[in-house]
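Report on one structure; see the data block that follows.
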Amino acid sequence: ALRSFPTRRSSDLIAYKSGDFEQAKRLFTDALKRDESLWDAKAFLGFCQTRTGAPEEGMALLGQSFPHIKNDELRINVGVALVQADEESKTLDQAIDIVRTLQQTNPHDQEVLYVSYRVYLEMATQALSTLSKVAPDSGRVHQILGESALTQEDMSGAVEQFRAAI
């Protein structure tokens, strides 16, 4: 969900915040016809598109605007939306690039930290799955299982896995 943004006295943001996405879409489109470099407007138009039945167009607008957005909250929300789409489409390489950008600009934001955790966890899960298929009884698989047992405070399980790793 989008967090609050600094209020402006503009009808496009008022329409957006009130949930009138069709009206907001028209107003953001008009603004962009006058000035295509309004990256925040392009991002909000992208969100409107995703909410009014045009998710592909909306995500394209979010992707175009992301590198140019100066407002931290809007950049985080656009980044999180892009990462979620990348997770759904299994394009984690793109998600990692976005996460890195978000981490550089907002390293202590809880949304950034959470989305980072999700992406890196998914990457780790994929790596372990592949490793388990390629070398199911390898020392590395047992080492990972031992480390996992340690994080769960299962000392006997950890010792058993670490011994199997040797």
Side-chain angles (χ1 to χ4, degrees), residues 1-131 143-144 147-153:
L2 287 175
R3 297 186 288 186
S4 63
F5 294 93
T7 56
R8 293 185 349 200
R9 292 182 185 259
S10 95
S11 54
D12 49 8
L13 279 179
I14 292 169
Y16 181 87
K17 287 183 177 187
S18 68
D20 188 352
F21 301 119
E22 289 293 342
Q23 174 67 9
K25 186 166 62 171
R26 285 189 291 279
L27 294 168
F28 286 125
T29 300
D30 290 345
L32 287 165
K33 284 178 185 172
R34 292 188 298 277
D35 184 354
E36 289 185 16
S37 69
L38 298 173
W39 296 108
D40 290 7
K42 193 170 280 194
F44 278 110
L45 177 58
F47 281 125
C48 289
Q49 296 279 38
T50 63
R51 287 169 171 77
T52 58
E56 294 84 15
E57 294 89 342
M59 295 311 295
L61 290 169
L62 293 176
Q64 292 167 19
S65 63
F66 178 72
H68 306 284
I69 298 170
K70 302 294 183 229
N71 178 291
D72 282 344
E73 289 187 65
L74 181 57
R75 184 178 47 252
I76 290 168
N77 283 298
V78 170
V80 167
L82 291 169
V83 167
Q84 288 171 338
D86 290 339
E87 286 176 319
E88 289 171 12
S89 66
K90 303 293 185 205
T91 52
L92 290 179
D93 290 341
Q94 294 171 346
I96 287 173
D97 292 339
I98 294 166
V99 163
R100 285 184 182 139
T101 299
L102 291 172
Q103 288 174 324
Q104 290 171 355
T105 57
N106 302 89
H108 302 291
D109 183 88
Q110 61 182 323
E111 288 299 317
V112 170
L113 293 169
Y114 178 70
V115 77
S116 300
Y117 162 79
R118 282 198 347 241
V119 168
Y120 291 125
L121 179 62
E122 181 61 27
M123 291 292 292
T125 301
Q126 287 180 9
L128 178 57
S129 175
T130 301
L131 180 59
Q143 183 179 3
I144 291 169
E147 290 167 358
S148 178
L150 273 179
T151 62
Q152 297 173 23
E153 298 182 14

Examine distances only and state if a side-chain atom of S148 and a backbone atom of I144 form a donor-acceptor pair shorter than 3.5 Å. no

Donor-acceptor pair, N71 side chain versus L74 backbone, under 3.5 Å? yes

Side chain to side chain contact (heavy atoms under 4.5 Å, CB included) partner of I76, chosen from V115, T105, V112: V112

Of all pairs that satisfy salt bridge (charged side-chain N to carboxylate O under 4.0 Å, His left out), the ones with a partner from residues 116-128, not counting sequence neighbours: E87-R118

With a 4.5 Å heavy-atom cut-off, do P55 and Q49 have their side chains touching? no

Might you point out which heavy atoms bring L102 and R75 nearest each other, and give the distance in Å? CD2-O, 3.8 Å

So, using side chain to side chain donor-acceptor pair (under 3.5 Å) as the criterion, who are the partners of R100 when residues are at least two apart? none

Can you name the residues that form a side chain to side chain donor-acceptor pair (under 3.5 Å) with T52, not counting sequence neighbours? K25

Between E147 and T151, is there a side-chain heavy-atom distance shorter than 4.5 Å? no

Show which side-chain atoms of residues 91-98 pair as donor or acceptor with protein atoms under 3.5 Å away, not counting sequence neighbours.
unit_1 : atom_1 : unit_2 : atom_2 : d
T91    : OG1    : D86    : O      : 3.4
T91    : OG1    : D86    : OD1    : 3.2
T91    : OG1    : S89    : OG     : 3.0
T91    : OG1    : Q94    : OE1    : 3.3

Could I get the full list of side chain to side chain donor-acceptor pair (under 3.5 Å) partners for T50, not counting sequence neighbours? none

Output yes when a side-chain donor or acceptor of S129 lies under 3.5 Å from a complementary backbone atom of T125, and no otherwise. no

CZ (F47) and CZ (F28) are apart, to the nearest 0.5 Å, by 11.0 Å

By side-chain contact (heavy atoms from CB on, under 4.5 Å) - contacts of L32 (at least two apart): L38, A41, K42, L45

Tell me every residue that passes side-chain contact (heavy atoms from CB on, under 4.5 Å) with L113, counting only those two or more places apart in sequence or in another chain. none

Side chain to side chain donor-acceptor pair (under 3.5 Å) against S37, all qualifying residues, sequence neighbours excluded: D35

Restricting to pairs with a member in residues 72-124, which pass ring pair (Phe, Tyr, Trp, His ring centres under 6.0 Å), not counting sequence neighbours? none

Which atom pairs, donor and acceptor, lie under 3.5 Å between side-chain atoms of residues 57-70 and protein residues at least two apart or in another chain?
unit_1 : atom_1 : unit_2 : atom_2 : d
S65    : OG     : L61    : O      : 3.1
S65    : OG     : L62    : O      : 3.1

What pairs of residues pass the ring pair (Phe, Tyr, Trp, His ring centres under 6.0 Å) test when at least one of them lies in residues 72-93, not counting sequence neighbours? none

